[in-house]
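The figures that follow rest on heavy atoms only: side chains count, while hydrogens, waters and symmetry mates do not. Per chain, numbering begins at 1; letters A, B, ... match sequence-line order.
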There are 2 protein chains.
Amino acid sequence: MKIGDLAAKTGVAPRLLRYYEEVGILHPFRSGNGYRTYGEAAVDRVLQIRELLDAGFTTEMIRQVLPCLGDPRPSTCTAEVDLDVVRRQLGNVERRIDVLQRNRDAIKTYLRAWEEGTGVTSDA
Amino acid sequence: MKIGDLAAKTGVAPRLLRYYEEVGILHPFRSGNGYRTYGEAAVDRVLQIRELLDAGFTTEMIRQVLPCLGDPRPSTCTAEVDLDVVRRQLGNVERRIDVLQRNRDAIKTYLRAWEEGTGVTSDA
DNA sequence: CTTGACCTTCACATTAATGGAAAGGTTTAG
DNA sequence: CTAAACCTTTCCATTAATGTGAAGGTCAAG
């Protein structure tokens with residue numbers, strides 16, 4: 001699959017697919033003419049990258065944890081996974097979840113107050 | 001409290017406190033000489049801002065939901081809260097939590113596999 | 001009054017993620 | 001063969017969040 005095909009299947013611009021390769025989170029092969037070649041698995045990988053980026057991860061964090069995420073590691077992945085880094089990222093993720101949950105609850109409480117008619121002192 | 005005091009109490013550089021004001025998520029008073037003046041509540045507000053930024057929020061998102069987060073709204077807050085925007089952000093937060101939880105679980109599973117000695121096919 | 005430690009605004013630099021154009025090679029359709 | 005539609009790399013632009021430095025005002029201590 002060439003870059004345009006992958007872009008079509010994932011909705012992610014070729015420009016970004018090249019960027020993801022540059023920062024080391026996507027590893028296409030090269031065919032004789034120099035064109036990037038992707039396997040079917042790349043579709044899911046790209047979608048997962050998008051999901052993580054949209055959730056506020058940086059490509060650096062993604063690079064550090066992607067090998068853990070059930071990705072079909074190509075044999076080129078020579079155990080370059082630093083478990084301590086992964087553990088740190090796990091703590092990171094858990095802290096984020098915590099912050100997000102607390103704020104989600106606060107927002108929900110706020111909205112419920114409004115929906116129950118009481119509203120909030122509108123200090124207008 | 002002047003900007004340097006707030007910086008000392010929160011560990012956030014004065015430059016950033018000015019920036020937060022510029023993007024509308026922090027609203028100090030001005031004393032006669034033009035100096036920014038912050039109340040005690042600003043400390044918590046800044047810490048909450050940092051927490052949200054660290055969790056991957058943008059200042060724009062923070063600006064939209066901060067009024068909902070139990071902040072002591074100054075009387076200058078004339079109900080400029082768009083409930084639909086808040087609801088959208090709530091959905092946003094919930095999606096993020098979902099992504100984070102799924103990935104946290106994947107990472108934990110991965111780590112557990114390693115810690116149980118089995119490891120992962122190291123394709124080295 | 002002078003000095004040092006604040007404060008102000010303004011402006012430029014940087015990193016990450018992204019968009020875009022330029023210049024040129026490849027492939028496919030006609 | 002040629003033209004359209006791909007692909008390549010390189011470089012420049014933008015936005016967000018942040019760092020930094022200049023030029024100047026204010027204030028408290030000596």
Side-chain angles (χ1 to χ4, degrees), chain A residues 1-39 42-43 45-66 85 89 92-93 95-96 99, chain B residues 1-39 42-43 45-66 85 89 92-93 95-96 99:
Chain A
M1 174 165 37
K2 284 185 293 182
I3 199 171
D5 304 325
L6 183 56
K9 288 195 193 181
T10 59
V12 175
R15 170 70 178 84
L16 284 187
L17 298 178
R18 297 193 189 99
Y19 176 64
Y20 297 154
E21 178 182 6
E22 188 188 327
V23 297
I25 59 184
L26 199 55
H27 311 286
F29 307 101
R30 295 299 180 123
S31 42
N33 48 16
Y35 286 17
R36 291 168 179 81
T37 305
Y38 303 86
V43 175
R45 179 148 183 154
V46 168
L47 293 179
Q48 184 159 32
I49 289 172
R50 284 309 321 173
E51 203 176 45
L52 290 168
L53 283 174
D54 289 343
F57 275 58
T58 63
T59 54
E60 172 65 9
M61 298 168 69
I62 294 174
R63 199 176 52 70
Q64 293 175 346
V65 302
L66 246 195
V85 169
Q89 289 300 344
N92 221 308
V93 172
R95 266 190 304 282
R96 276 183 189 228
V99 170
Chain B
M1 178 166 33
K2 284 185 293 183
I3 201 171
D5 304 325
L6 183 57
K9 288 194 193 180
T10 59
V12 176
R15 170 67 177 87
L16 284 186
L17 298 177
R18 298 194 187 100
Y19 175 65
Y20 298 155
E21 177 182 6
E22 188 188 327
V23 297
I25 60 185
L26 198 55
H27 311 286
F29 307 101
R30 295 299 180 123
S31 41
N33 49 17
Y35 286 16
R36 289 169 178 81
T37 305
Y38 303 86
V43 175
R45 180 146 182 155
V46 168
L47 292 179
Q48 183 157 33
I49 288 172
R50 285 307 322 173
E51 204 176 45
L52 291 168
L53 283 174
D54 290 342
F57 275 59
T58 64
T59 55
E60 172 65 9
M61 298 169 70
I62 295 174
R63 201 177 51 70
Q64 292 175 347
V65 304
L66 247 193
V85 170
Q89 288 300 344
N92 222 308
V93 172
R95 265 190 306 282
R96 277 182 187 227
V99 170

Heavy-atom contacts, protein to nucleotides 22-27 of chain D, under 4.0 Å, summarised as B (base), S (sugar-phosphate only) or - (none) per nt, yield ---BBS

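- Although no hydrogens or angles enter the test, the distance criterion places no donor-acceptor pair under 3.5 Å between the side chain of A:Arg95 and the main chain of B:Glu51.
- When the nucleotides D:dT8, C:dT8, D:dT18 are ranked by their closest atom to the side chain of B:Arg30, C:dT8 comes out on top.
- As a whole-Å value, the separation of A:Asp5 CG from C:dT28 P is 12 Å.
- The side chain of A:Arg50 contributes no N or O atom lying less than 4.0 Å from OP1 or OP2 of C:dA17.
- Across B:Pro14, B:Pro28, B:Ser31, a single residue satisfies side chain to side chain contact (heavy atoms under 4.5 Å, CB included) together with B:Arg36, and that is B:Pro28.
- Exactly one of B:His27, B:Arg45, B:Arg50 qualifies for a side chain to side chain donor-acceptor pair (under 3.5 Å) with B:Tyr20. That residue is B:Arg50.
- Contact record, B:Thr58 with B:Leu53: C-CD2, 4.2 Å, taken as the closest heavy-atom pair.
- Distance, B:Asp54 CG to D:dA16 C1': 15 Å, rounded to whole Å.
- Residue-to-nucleotide proximity on DNA chain C shows that, of A:Leu16 and B:Thr37, the 5′-proximal contact is made by B:Thr37.
- The separation between B:Leu52 atom CG and D:dA17 atom P is 12 Å, rounded to whole Å.
- Between A:Arg63 and A:Glu60, at least one side-chain N (NZ, or NE/NH1/NH2) sits under 4.0 Å from a carboxylate O, which counts as a salt bridge.
- In this structure, the CG atom of A:Leu6 is 15 Å from the P atom of D:dC6, given to the nearest Å.
- Side-chain N/O atoms of A:Arg36 include none lying less than 4.0 angstrom from OP1 or OP2 on D:dC7.
- Using a 4.0 Å heavy-atom criterion, one finds that B:Arg18 contacts the bases of the nucleic acid, with or without backbone contacts as well.
- In this structure, B:Arg15 does not reach the C:dT14 phosphate: none of its side-chain N or O atoms is under 4.0 Å from OP1 or OP2.
- In this structure, OH of B:Tyr38 is placed 12 Å from C1' of C:dT8, rounded to the nearest angstrom.
- The B:Thr58 side chain lies nearest to D:dA16 when the options are D:dA16, D:dT18, D:dT8.
- Distances shorter than 4.0 Å separate none of the side-chain N or O atoms of B:Tyr19 from OP1 or OP2 on D:dA16.
- The separation between B:Ile25 atom CD1 and D:dA17 atom C1' is 10 Å, rounded to whole Å.
- Among pairs with a residue in residues 1-17 of chain A, those fulfilling side-chain hydrogen bond (donor to acceptor under 3.5 Å, both in side chains) read A:Lys9-A:Glu40, at least two apart in sequence or across chains.
- Between the CD atom of A:Glu22 and the P atom of C:dT15 there is a distance of 13 Å, rounded to whole Å.
- In this structure, B:Ala13 and B:Ala7 approach most closely via the heavy-atom pair C-CB, 4.5 Å.
- As rounded to whole Å, 11 Å separates atom P of D:dA17 from atom CD1 of B:Ile49.
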